[in-house]
Amino acid sequence: MRERIRQIARQIPLVVLVVLFGLRIANVFAQESAPTSVATTATSSIFDKDAPETLEDLLAIEEQIQKHRQKMIDATVSVTVWQTRAQGSGVVINQDGYVLTAAHVIGKSGLQAEITFADGSRARAETLGVDHASDAGMLRIVDEGEWTYCDLAAEKPQKAGAWCVVTGHPGGHIHNRPPVMRLGRVIGVRDAMVQTDCTLVGGDSGGPLYNLDGQVIGINSRIGASTAWNFHVPSLVFQRGWEELILPAGFLGVGGDPSNFDGPCRLTRVLEEGPAAKAGLQVGDVILKLDGKKIDSFLKLIDVVAGYHPKQKIKLEVKRGDEIIELEVVLERKDPYAA
C-alpha cells in the first residue's frame with residue numbers, strides 16, 4: 001500500500017500538489033489561532049526532497065507551515081502612501097512597529113502612510129529610508145499598539161530548492177480578505193536577490209517571503225511574466241543597511257514654488273525657528289547649489305534634501321540680491337503628521 005502511494009504521488013504534477021495544499025491552507029483561514037513564536041526549525045529530510053513522494057510528505061510540510069501560519073498572516077500588512085496614492089504590501093518585523101517593504105512602493109522618506117492589518121484594523125505610519133538600487137524600503141508605525149511581527153532570518157538566504165511561503169495582497173487590498181498565502185521553492189540565491197517560483201501579481205510588492213520556520217527571508221520586489229521570474233530582496237540586505245533605512249529624511253524648513261520646473265529655486269517661505277532660519281536663510285534667497293549639487297528648481301531641492309538625514313550638515317550656495325553667499329545648515333527631523 002505504501003509503495004502504491006509513492007507511485008501515485010510521483011504521477012501527480014507538483015503544481016497540482018501545491019494547489020491542493022493551498023486549498024487545505026485556505027480552509028483554516030477562518031479558524032481562530034493564537035500567534036505562535038518562531039522557534040522550531042524545519043530540519044527533516046522531507047524538506048530536502050526534490051518533490052513530495054508520499055501523502056506523509058505533504059502532511060509534514062503542511063504541519064510545519066501550520067505552526068507559523070497565523071503569525072505570518074498577521075504580520076503581513078497592506079501599505080498605502082497618501083501623498084502618492086501608491087499601494088503595496090509589507091511585513092512587521094519587530095515590536096517597535098518597523099515595517100519592511102519595497103522601495104518602489106513607498107518612493108521616498110518623510111511621507112504619510114497607512115498600514116492595514118489582516119483583521120482590517122489600521123494604523124498611521126511614516127516612510128523612512130529607501131534604497132532604490134536594491135529596492136529595499138522601511139516604514140515605522142507611529143500609532144501606539146501591540147504589533148504581531150515575524151523575525152528576520154539570521155542566516156544567509158535559503159539554498160536553491162528550499163521550500164518557502166509568500167504572502168501579500170495580490171491585486172491590492174480587498175476588504176475582509178486576509179493576506180493570501182502561497183507555497184513555492186527557491187530557484188536561485190545571490191547576495192542582492194532571491195529568485196523563487198512563488199505565484200506573485202501586482203499588489204504583492206513589498207510583501208514577505210518566509211522560510212518554513214516563519215522567518216522573513218526576503219521582500220517581494222520584481223514580478224516577472226513567468227512564475228519562475230519572481231525576485232525578492234534578501235533580508236540580509238535590510239540588516240546590512242539597517243542604520244540608513246531606519247532614518248527619516250532631513251528637514252530644511254523652507255517653501256518655494258514646486259510648479260516652477262525651470263527654476264530658479266527662490267524661497268517664498270522660511271519657517272521660523274526651523275533649521276534654515278537658524279542658519280540665516282531668508283525669503284527671496286535663491287539656492288544655487290547644495291553640497292556642490294546644482295539646484296535648478298524647488299522640486300530639485302526637495303529631491304536632493306530627501307537623500308539626507310536629520311543632524312546631517314549641508315552646505316548651501318545662495319544668491320541674495322547681487323551677492324553669492326555660503327551657509328551651513330544642520331538638518332532636523334519633521335513629523336510628517338505635524339501641522
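- Counting side-chain heavy-atom gaps under 4.5 Å among Ile, Leu, Val, Met, Phe, Trp and Tyr, Ile174 is found in no cluster with other residues.
- Counted by atom type alone, Gln215 and His68 present zero donor-acceptor pairs between their side chains at under 3.5 Å.
- Between Ile219 and His232 the shortest side-chain heavy-atom distance does not fall below 4.5 Å.
- Counting heavy atoms from C-beta on, the side chains of Leu290 and Tyr308 come closer than 4.5 Å.
- Under the 4.5 Å side-chain criterion, counting only non-hydrogen atoms from C-beta, Thr167 is in contact with Ile73.
- Cluster partners of Leu288, by chain and number: Val286, Ile324. The rule joins Ile, Leu, Val, Met, Phe, Trp and Tyr whenever side-chain heavy atoms lie under 4.5 Å apart.
- Within a 6.0 Å sphere centred on CZ of Arg177, other residues, nucleotides and ligands contribute more than 12 heavy atoms.
- Summarising the local packing, CH2 of Trp229 is surrounded by 12 or fewer heavy atoms from other residues, nucleotides or ligands at distances under 6.0 Å.
- Within a 6.0 Å radius of CD in Glu328, more than 12 heavy atoms belonging to other residues, nucleotides or ligands are found.
- Val92 and Thr148 get closest at one heavy-atom pair: CB-O, 3.6 Å.
- Val130 is linked by a side-chain contact (heavy atoms from CB on, under 4.5 Å) to Ala103, Ile106, His132, counting only residues two or more places apart in sequence or in another chain.
- Each of Asn211, Val189, Leu236 was scored for a side-chain contact (heavy atoms from CB on, under 4.5 Å) with Ile217, with one residue passing: Asn211.
- In summary, of the residues considered (Asp197, Asp204, Thr199), a side-chain hydrogen bond (donor to acceptor under 3.5 Å, both in side chains) with Arg182 occurs for Asp204 alone.
- Taking Ile, Leu, Val, Met, Phe, Trp and Tyr as hydrophobic and joining them when side-chain heavy atoms fall under 4.5 Å apart, one finds Leu271 in a cluster with Phe251.
- Using a 4.0 Å cut-off between charged side-chain N and carboxylate O, Arg124 and Asp143 make a salt bridge.
- Within a 6.0 Å radius of CZ in Arg269, no more than 12 heavy atoms belonging to other residues, nucleotides or ligands are found.
- Side-chain contact between Met138 and Ile246: present, with at least one pair of heavy atoms (C-beta onward) separated by less than 4.5 Å.
- Across all their heavy atoms, Asp74 and Ala118 have their closest contact at OD1-CB, 4.1 Å.
- When side chains are defined from C-beta on, Gln64 counts as touching Asp213, because their heavy atoms get closer than 4.5 Å.
- Salt-bridge annotation for Arg222 and Asp135: absent, with no side-chain N of the basic residue lying under 4.0 Å from a carboxylate O of the acidic one.
- Looking at residues two or more places apart in sequence or on another chain, you find a side-chain contact (heavy atoms from CB on, under 4.5 Å) between Gln112 and Trp82, Gln83, Pro336, Tyr337.
- If you chain together ILVMFWY residues whose side-chain heavy atoms come under 4.5 Å of each other, Ile187 ends up in a group of its own.
- Counting heavy atoms of neighbouring residues, nucleotides and ligands inside a 6.0 Å radius, atom NZ of Lys278 exceeds 12 of them.
- The backbone N or O of Leu139 lies less than 3.5 Å from no partner atom in the side chain of Thr127, so there is not a single donor-acceptor pair.
- Atom NZ of Lys294 has 12 or fewer neighbouring heavy atoms from other residues, nucleotides or ligands inside a 6.0 Å radius.
- Residues Ile65 and Met181 form a side-chain contact, since some pair of their non-hydrogen atoms from C-beta on lies under 4.5 Å apart.
- Counting heavy atoms from C-beta outward, Arg190 and Gln195 have side chains that stay 4.5 Å or more apart.
- In this structure, Lys293 places its NZ atom where more than 12 heavy-atom neighbours from other residues, nucleotides or ligands lie under 6.0 Å away.
- In this structure, Val233 and Ala136 approach most closely via the heavy-atom pair CG1-CB, 4.3 Å.
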